[in-house]
Amino acid sequence: MALHRGKGLATIEYPTGMNQNGDPSQAWIKVKPDGRVDVFSGTSDIGNGSKTVQSQIVAETLGVPYDWITYDNSNTDSSPMCTGTFASRATFVAGNAVLKAARQVRERILAIASRELEIDPEDLEVADGTVSVKGTPAKSMGVDEVAGAATFVHGELLTGDGAHLNPGAAIVDPETGEVDKPPHAAISYAACAAEVEVDDETGDVRVLKLTQAYDIGRAMNPTLVEGQIEGGAVMGLGFGVLETCYPYYPSAEHRGDGMSTYHVPTMAELPEINNVLIENPSEGGPYGAKGIGEMANNAQPAAIANAIYDAVGVWVTEFPITPERVLAALDARSEPRREGRMVAFDEELSINSFSSTRTWGA
Amino acid sequence: MKVVGARLPRYDGVGHVTGRTTYVDDVRLPGMLHAAALRSPHHHARITHLDTSAAEAMAGVHAVITHADVPLLVYGHLSGGGIPGDEPLLAKDHARYRGQPIALVAADTVDIARAACAAIDVGYEELPALFDVRLAFDDDAPVVNDAFGNWYDQYEGNLDVRQIRKGDIEAAFDAADLIVSGVYRTQSQEQVPLETQVCVAVPEPDGRLTIHTCTQAMYFSLGVVCSHLQLPMSQVKMVGGTVGGGFGGKVDTASDTLTALAAQKTERPVKWRWTREEEMLASGNRGPWHMEIIDAVSRDGWILGRKMLTIHDAGAYGRFSVYGVTKHSFHHTGAYTIPNLHFDGYVVFTNRIPTTAMRGYGITGLSTAIEVHAERVARELGMDPYEFRLKNANRVNDTSPNRIPYEDPSTVEVLQSLASATGSELSDDLRAMTRDQRSADMLPDHLAAQIGSGGGH
């Protein structure tokens with residue numbers, strides 16, 4: 001018995017927004033008489049933190065403190081349409097809707113303040129809940145005072161609405177796959193390096209360390225970004241070496257029916273995780289953001305598989321890479337079929353070895 | 001900037017960690033009934049008869065819902081995109097996977113509802129089942145899906161395969177110094193949200209329905225419920241927005257419509273909470289993918305062309321699988337630029353639980369396959385894995401498989417950052433590389449034809 005260490009690498013990309021686009025989000029905002037802000041959005045928060053990020057976008061855009069924001073996504077009567085929280089779209093697509101709504105509210109705030117201060121709106125700015133004259137910060141009024149004036153002096157409601165839709169790339173050439181316009185809102189990139197330890201007697205793979213570099217466009221909230229990519233790393237670890245609904249796939253029998261019979265990663269399997277965040281702002285995202293949620297579990301499985309090869313010199317290409325599969329690969333020590341310039345791996349898994357009607361490949 | 005970019009605490013985090021957040025299961029209403037489902041015990045069976053009278057006669061049972069109660073039984077999740085529906089809300093003549101719902105009982109307690117499910121008289125005639133996607137195309141394969149057969153056959157109207165064809169694939173393979181093939185199979189993964197599928201539906205005095213939902217997509221689910229129930233959106237109010245974990249599976253709207261039907265029929269609030277076993281055994285999971293890749297490469301490390309076959313094991317019904325395979329096809333070169341492509345992707349149906357969206361949908365298995373294959377090719381060439389990846393990295397105005405120029409690709413930057421973070425050595429040339437449009441030696445003949453001054457084709 002011996003423990004072998006290895007390192008592996010993977011690089012990935014992932015689209016932001018629904019494939020082929022065409023997924024609208026809408027939002028509206030109203031301001032209470034004391035300047036506090038109510039945001040209505042139809043975006044469900046599935047744990048991704050969209051309530052937080054969308055509230056941050058509104059606070060930043062209006063120039064008011066974050067704790068002035070109340071966020072309501074509780075029902076479809078009061079919140080306008082949002083396609084939903086999937087396809088890494090809640091920050092980019094739905095975030096753009098609240099951004100546009102907040103810009104409208106900001107204009108209304110400046111218009112009222114302009115009348116109160118008798119200064120052109122272009123000469124005003126808002127920060128920290130205060131509207132002030134550019135270059136003459138002493139001349140100012142609070143956004144709370146502006147909202148009060150709007151309500152009780154001018155008889156107006158400070159409100160704004162926003163909608164965002166990346167037009168649908170509806171036309172796909174069925175022969176070539178060519179599309180008529182970009183099928184994504186943005187693309188994010190990441191790379192992951194894994195360090196593993198493989199036990200050549202038991203086949204057990206221990207992932208010791210994952211180092212990840214993510215281009216996230218703009219880290220709207222670095223704590224939440226880290227939550228996404230570390231949570232994603234653990235999900236990728238499960239996909240890579242632990243989890244399967246069908247342990248004897250393609251058989252549909254012997255399914256795990258609970259937490260004790262279906263093994264998701266626990267603290268016991270947790271590797272050291274190190275993150276590098278790269279901010280390469282996107283063209284169209286709010287404050288340069290891109291989607292980050294879904295790509296977060298995609299790079300680890302291959303990085304782990306490549307590290308296992310580095311450690312013990314066998315490829316396992318059926319996932320998850322269970323101890324049984326590692327041991328089987330170590331026993332077989334199979335080499336690819338090499339003929340001339342051809343190098344053919346895994347031929348025993350190919351459809352060519354199973355189907356009586358389909359053949360595929362060179 | 002002050003607020004954007006700040007490490008602010010999660011908006012609703014305190015409630016989540018102190019147990020004070022109101023999730024759907026925390027909704028308890030006077031007179032609320034509880035629901036349980038009768039599910040198929042067979043992978044594939046004809047339903048020969050269905051008699052609910054004994055269950056309905058049981059004390060404490062208020063309603064039994066079957067296919068006959070659903071105004072529109074079949075509604076496709078992708079109907080808006082022109083993809084026909086294939087999945088009945090409740091099984092009618094066929095059960096096509098173990099766990100498929102056949103009836104829903106609403107009763108005073110969960111125990112009574114479960115006992116009533118057991119009292120429903122169902123006749124089954126078991127049929128041969130298909131599980132191996134590699135056998136789906138064979139003449140003697142059991143037929144799984146009555147709308148499409150064993151694989152989806154209506155891409156852009158009438159094609160049975162999602163195709164990508166780009167460049168001159170034969171020329172790329174003729175020119176190759178090395179042709180490397182591999183097969184990659186990734187597995188089905190459970191969603192495992194802490195909150196299982198759950199719904200509380202409330203009939204309001206004005207005739208509307210309030211639906212407390214765990215959906216990830218309130219308006220999508222509103223559309224699904226209103227379509228099955230044939231109601232205008234004004235008649236249904238979805239209440240939710242705070243989900244106890246969702247990774248794609250809660251887009252499925254798995255419990256809302258049936259619970260709403262039970263509330264309509266009983267005129268009482270109804271709660272349907274799936275058990276952990278049901279969540280594991282009957283909710284939509286990540287689908288398995290079978291991927292075969294053949295890369296044509298040059299001795300100096302360029303990927304000249306790629307042939308790829310993808311078979312997605314969709315389970316018994318389509319749900320979002322056509323979307324998943326199309327997205328997969330659009331990204332099958334990963335973080336690299338490969339000018340000559342021949343891709344065939346199939347959605348294949350098997351007698352397992354319909355698979356659905358899950359974090360990384362269409363791509364997680366793909367990234368896994370591409371990146372192990374890249375490592376194999378690099379090793380066959382005797383090339384450093386960073387160098388191989390950086391050389392083929394997406395660059396500005398390189399084009400995607402569907403011919404969209406990349407505007408701001410970061411393959412180069414993330415690899416350089418990773419190399420620094422892990423102490424991996426890169427040559428000066430690789431350190432100096434940028435995402436900028438290829439030129440000089442970075443614009444070899446095999447790419448020059450597709451990368452012009454304005455990008456595009």
Side-chain angles (χ1 to χ4, degrees), chain A residues 9-13 19 44 46 51-52 56 59-60 66 73-77 81 84-86 174 176-179 182 189 191 193 211 213 215 223 239 243-245 250 252 257-258 276 280 287 294 298 301-302 305-306 317-319 341-346 349-351 354 356-358 360, chain B residues 3-4 7 10-11 131-132 134 137-138 156 159 164-165 178-189 192 216-220 222 237-239 241 243 245-246 251 276-277 280-281 285 309 327 335 352 359-360 364 367-368 371-372 375 385 389 402-404 410 414-415 417-418 421-422:
Chain A
L9 173 65
T11 313
I12 61 168
E13 51 81 50
N19 195 51
S44 294
I46 58 174
K51 289 181 189 178
T52 316
Q56 287 180 264
E60 182 75 45
Y66 173 74
N73 65 343
S74 64
N75 71 85
T76 50
D77 278 5
M81 198 274 179
T85 303
F86 55 87
T176 65
E178 187 168 358
V179 291
Y189 291 79
T211 307
D215 165 23
T223 306
F239 183 85
E243 296 180 50
T244 173
C245 301
D257 62 357
V276 182
N280 166 33
Y287 298 100
E294 278 195 280
N298 291 356
N306 294 339
T317 63
E318 285 187 279
F319 290 77
R341 51 187 193 143
M342 297 279 298
V343 185
F345 289 94
D346 317 314
L349 298 176
S350 168
I351 190 169
F354 288 81
S356 59
T357 53
R358 294 264 169 158
W360 186 83
Chain B
V3 186
V4 161
R7 288 184 177 272
R10 188 178 291 268
Y11 184 91
F131 297 113
D132 191 333
R134 294 169 296 200
F137 303 96
D138 290 0
E156 318 311 322
L159 269 193
I164 302 285
R165 302 286 186 268
L178 205 61
I179 294 171
V180 182
S181 65
V183 182
Y184 306 89
R185 289 163 68 80
T186 59
Q187 238 335 304
S188 200
Q189 186 179 26
V192 205
Q216 296 179 221
M218 281 204 293
Y219 270 87
F220 173 81
L222 177 66
K237 177 183 183 181
M238 304 297 275
V239 175
V243 182
V251 182
R276 179 59 60 187
E277 290 72 18
M280 288 286 193
L281 299 179
N285 43 32
L309 169 71
K327 181 177 170 188
R352 64 182 84 245
R359 194 180 197 177
T364 303
S367 294
T368 305
E371 285 302 310
V372 176
E375 192 75 15
R389 286 173 170 84
N402 40 11
R403 297 166 171 75
I404 298 297
S410 303
V414 295
L415 277 165
S417 297
L418 191 71
T422 55

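Chain identifiers are assigned alphabetically (A, B, ...) following the order of the sequence lines, protein sequences preceding nucleic acid strands; residue numbering begins at 1 within each chain.
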Checking [X] against chain A: side chain, backbone, both or neither under 4.5 Å from a heavy atom?
X       : result
V239(B) : both
L418(B) : both
I164(B) : both
N285(B) : side chain
R389(B) : side chain
V251(B) : side chain

Partners passing ring-ring contact (aromatic ring centres under 6.0 Å, His included) against Y184(B) (at least two apart in sequence or in another chain): H373(B)
ring-ring contact (aromatic ring centres under 6.0 Å, His included) involving Y66(A) - partner list, sequence neighbours excluded: none
Inter-residue atom distance S417(B).OG - D215(A).CG, 0.5 Å rounding: 9.0 Å
Atom pair CD (E13(A)) and OH (Y189(A)), whose distance is rounded to the nearest 0.5 Å: 5.5 Å
Side chain, backbone, both or neither of A305(A) within contact of chain B (heavy atoms, under 4.5 Å): side chain
V179(A) portion near chain B, given a 4.5 angstrom heavy-atom threshold: both
Chain B contacts, top residue of T223(A), T52(A), T176(A) (heavy-atom pairs, under 4.5 Å): T176(A)
Test: R165(B) and E178(A) ion pair at under 4.0 Å: no
Note: R185(B)-E318(A) ion pair, threshold 4.0 Å (strictly below): yes
Top contributor to chain A contacts, counting heavy-atom pairs under 4.5 Å, from G182(B), S181(B), A421(B), P385(B): S181(B)
